[in-house]
Amino acid sequence: QVQLVESGGGSVQAGGSLRLSCATSGYTFRYTYMGWFRQVPGAEREGVATIISDGRTRYADFVKGRFTVTHDNAKNTLYLQMDSLKPEDTAMYYCAAASQGWWWSQPPPLGPADFFYWGQGTQVTVSS
């Protein structure tokens, strides 16, 4: 029933920008949390940015100050604005959503195990 579809990936030069979108269906972003993850071949999937429905966010150290995660409730869409892209940002980027709420005062989690629904991914390639 729940579907997540990423889009917006592509190839850009270092220093450029991209905005990834994650369109959701059958999912209500209330009390729950969503996030962006990335993965390169041979490596584990790692958290990039997460957001709780109340607006709290958490970013991986390697994207702080460069990426911004937001959610448009009217469009049921999660976004990841990626600025000042670096070659090391090259990866497959995945959108994810939790099947449960986040009730604690701590920032939302960044671990893949804390998310249940996943999109198919969108490729981001940054050239030097």
Side-chain angles (χ1 to χ4, degrees):
Q1 184 176 20
V2 174
Q3 295 186 45
L4 309 178
V5 180
E6 303 97 332
S7 63
S11 181
V12 298
Q13 293 185 320
S17 299
L18 285 173
R19 188 178 74 165
L20 306 184
S21 298
C22 174
T24 70
S25 61
Y27 187 79
T28 301
F29 192 48
R30 183 180 181 184
Y31 305 126
T32 64
Y33 49 97
M34 299 183 68
W36 289 97
F37 297 79
R38 69 187 190 187
Q39 187 173 28
V40 297
E44 295 184 344
R45 192 168 298 184
E46 61 182 356
V48 175
T50 54
I51 182 171
I52 308 175
S53 61
D54 64 8
R56 286 180 288 162
T57 58
R58 181 179 180 180
Y59 297 92
D61 289 340
F62 52 81
V63 303
K64 285 183 177 179
R66 300 189 297 122
F67 293 6
T68 304
V69 61
T70 57
H71 187 271
D72 188 329
N73 291 332
K75 297 181 178 180
N76 296 314
T77 300
L78 183 74
Y79 299 97
L80 183 66
Q81 179 65 44
M82 309 167 70
D83 298 319
S84 301
L85 284 163
K86 304 175 181 179
E88 51 263 43
D89 293 321
T90 296
M92 183 72 74
Y93 283 73
Y94 297 89
C95 171
S99 61
Q100 60 185 16
W102 186 260
W103 307 104
W104 298 270
S105 62
Q106 294 89 345
L110 276 176
D114 294 303
F115 294 80
F116 185 77
Y117 304 105
W118 293 87
Q120 81 288 348
T122 184
Q123 180 67 38
V124 171
T125 302
V126 184
S127 60
S128 60

Closest non-hydrogen atom pair between Thr77 and Ala23, with its separation: OG1-CA, 4.0 Å
What distance do His71 atom NE2 and Leu80 atom CG have between them, rounded to the nearest 0.5 Å? 13.5 Å
Please find the pair of heavy atoms, one from Ser84 and one from Arg66, that lie closest to each other, and give the distance. O-NH1, 3.0 Å
Counting distance only, does the side-chain N/O of Glu6 pair as donor-acceptor with the main-chain N or O of Thr122 below 3.5 Å? no
For a quick check under 3.5 Å, do Tyr27 and Thr32 share a side-chain donor-acceptor pair by atom type? yes
One should read off an interatomic distance between Arg38 CZ and Glu88 CD, to the nearest 0.5 angstrom, of 8.0 Å
In Å, rounded to the nearest 0.5 Å, how long is the span from CZ of Arg58 to NZ of Lys64? 8.0 Å
Would one find more than 12 heavy atoms of other residues, nucleotides or ligands at under 6.0 Å from atom CD of Gln3? no
Does the Tyr59 side chain pair with the main chain of Val69, one donor and one acceptor, at a distance under 3.5 Å? yes
Closest heavy-atom contact between Gly121 and Met92? C-SD, 3.7 Å
Do Leu110 and Phe115 belong to the same hydrophobic cluster, where Ile, Leu, Val, Met, Phe, Trp and Tyr are linked whenever their side-chain heavy atoms lie under 4.5 Å apart, directly or via other members? no
Any side-chain heavy-atom pair from Ser17 and Gln81 closer than 4.5 angstrom? yes
Would you give the length of the straight line joining atom CG of Leu20 to atom CG of Leu78, rounded to the nearest 0.5 angstrom? 9.5 Å
Do any N or O atoms from the side chain of Trp118 and from the backbone of Leu4 form a donor-acceptor pair under 3.5 angstrom? no
Measure across Arg45 and Pro112 and return the closest heavy-atom pair with its distance rounded to 0.1 Å. O-CG, 3.5 Å
Is there a path of hydrophobic side-chain contacts, each under 4.5 Å between heavy atoms, that joins Tyr93 and Phe116? yes
Where at least one partner belongs to residues 46-86, residue pairs that pass disulfide (SG to SG under 2.5 Å), sequence neighbours excluded: none
When you measure from the side chain of Thr50 to the backbone N and O of Pro109, does any donor-acceptor pair fall under 3.5 Å? yes
Following the transitive rule for hydrophobic clusters with a side-chain heavy-atom cut-off under 4.5 Å over Ile, Leu, Val, Met, Phe, Trp and Tyr, establish whether Val126 and Phe67 coincide in one cluster. yes
What heavy-atom pair brings Thr70 and Ile51 nearest, and what distance separates the two atoms? CA-CD1, 4.1 Å
When rounded to the nearest 0.5 angstrom, what distance separates CZ in Phe62 from NZ in Lys86? 10.5 Å
Between Pro87 and Ala14, which heavy-atom pair has the shortest distance, and what is it? CD-CB, 4.1 Å
Nearest 0.5 Å, please: how far is OG in Ser53 from OH in Tyr33? 11.5 Å
